[in-house]
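Okay, so here's the structure we're looking at.
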Amino acid sequence: MEKYTTVDSYIADHLDKKDLLNELRYAILQSGLEETIKWGAPSYVYKNKNVVGIGAFKSYVGIWFFQGGLLKDSKKVFVNAQEGKTKAMRQWRFNSIDEIDIELIGQYIKESMVNFDNNVTIKPQKKSDLIVPDDLLDALADDLEALDNFNGFSTSKKREYAEYISSAKREATKLSRIKKIIPMIKDGIGLNDKYRK
């Protein structure tokens, strides 16, 4: 069951960020979007399409546009919170109410709505075939228990480990990562299990 059933309950659980959240909520609701809770956070939809969401984080409050990669972002306010992983989503971060530009938020929401009306969206990329780096395969071949566990993982867990190793730029980093993950694999732990509920 979701922890929050309403935006009010979400805001009530983040009292230290209440003013920022309420200001962003106000700015978004001016555009006529429908308010809901999705993935445990306030989300706002247009014709059943996710347009924007808000969330309280440890050091800031963020607003994210689900198709923000298509927006012009003339003021350069967006960041890609998952560089290299997402092409569509963009986030805008705030530390004080003074940083919130209600008019600009409204412009970005209208631009998003026009894009949805014209069926202009960034589609998720299809996952490529799983390619396990040779260095990881060699390390797994040296530890049959780890190899057996790795083979039993879901494709997504295998992919997380493979990408973690292949994304290392230096050989030393790659070897350090392999040394770190082999015990995790032996214990049947996925690379990102601690982030999953």
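Values below: all heavy atoms of this structure, side chains included; hydrogens, waters and symmetry mates excluded. We're numbering straight along the sequence, starting at 1.
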Mind checking whether Phe65 and Tyr108 have parallel, tilted or perpendicular rings, split at 30° and 60°?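 Perpendicular: the ring planes of Phe65 and Tyr108 meet at over 60°.
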Can you label the angle between the Phe78 ring and the Trp92 ring as parallel, tilted or perpendicular, going by 30° and 60°?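 If you compare the ring of Phe78 with that of Trp92, the planes turn out perpendicular.
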What closest approach, in Å, do [X] and [Y] show between heavy atoms, and which atom pair accounts for it?
X: His14; Y: Tyr10; result: ND1-O, 2.7 Å
X: Leu71; Y: Ser112; result: CD2-OG, 3.6 Å
X: Gly106; Y: Ser31; result: CA-OG, 4.1 Å

Please identify each residue that fulfils salt bridge (charged side-chain N to carboxylate O under 4.0 Å, His left out) with Asp143, with sequence neighbours left out.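 Counting only residues at least two positions away or on another chain, Asp143 forms a salt bridge (charged side-chain N to carboxylate O under 4.0 Å, His left out) with Lys186.
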Salt bridge (charged side-chain N to carboxylate O under 4.0 Å, His left out) involving Glu35 - partner list, sequence neighbours excluded: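 Testing Glu35 for salt bridge (charged side-chain N to carboxylate O under 4.0 Å, His left out), a comparison that skips the adjacent residues, returns Arg25.
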Would you kindly confirm whether [X] and [Y] end up in one hydrophobic cluster when ILVMFWY residues are joined by side chain heavy atoms under 4.5 Å apart?
X: Leu137; Y: Leu191; answer: yes
X: Tyr26; Y: Ile97; answer: yes
X: Ile37; Y: Val61; answer: yes

Does the side chain of [X] reach to within under 4.5 Å of the side chain of [Y], using non-hydrogen atoms?
X: Val132; Y: Phe150; answer: yes
X: Leu24; Y: Phe94; answer: yes
X: Asp135; Y: Glu171; answer: yes

Name all residues meeting the ring pair (Phe, Tyr, Trp, His ring centres under 6.0 Å) criterion together with Phe116; count only those two or more places apart in sequence or in a different chain, and write none if there are none.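 None.
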For a quick test of your reading: what N or O donor-acceptor pairs under 3.5 Å do the side chains of residues 173-185 make, sequence neighbours left out?
unit_1: Arg177; atom_1: NH1; unit_2: Tyr164; atom_2: O; d: 2.6
unit_1: Arg177; atom_1: NH1; unit_2: Ser167; atom_2: OG; d: 3.0
unit_1: Lys180; atom_1: NZ; unit_2: Tyr164; atom_2: OH; d: 3.3

Members besides Val120 in its Ile/Leu/Val/Met/Phe/Trp/Tyr cluster (side-chain heavy atoms under 4.5 Å):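 Val120 clusters with Leu70, Ile122.
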So which pairs with a foot in residues 46-61 pass side-chain hydrogen bond (donor to acceptor under 3.5 Å, both in side chains), sequence neighbours left out?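 The answer is Lys38-Asn50, Tyr46-Asp117, Lys47-Asp117, Tyr60-Gln91, Tyr60-Arg93.
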Single hit among Ile54, Asp19, Asn22 for side-chain contact (heavy atoms from CB on, under 4.5 Å) with Ile11: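 Only one option passes, and that is Asn22.
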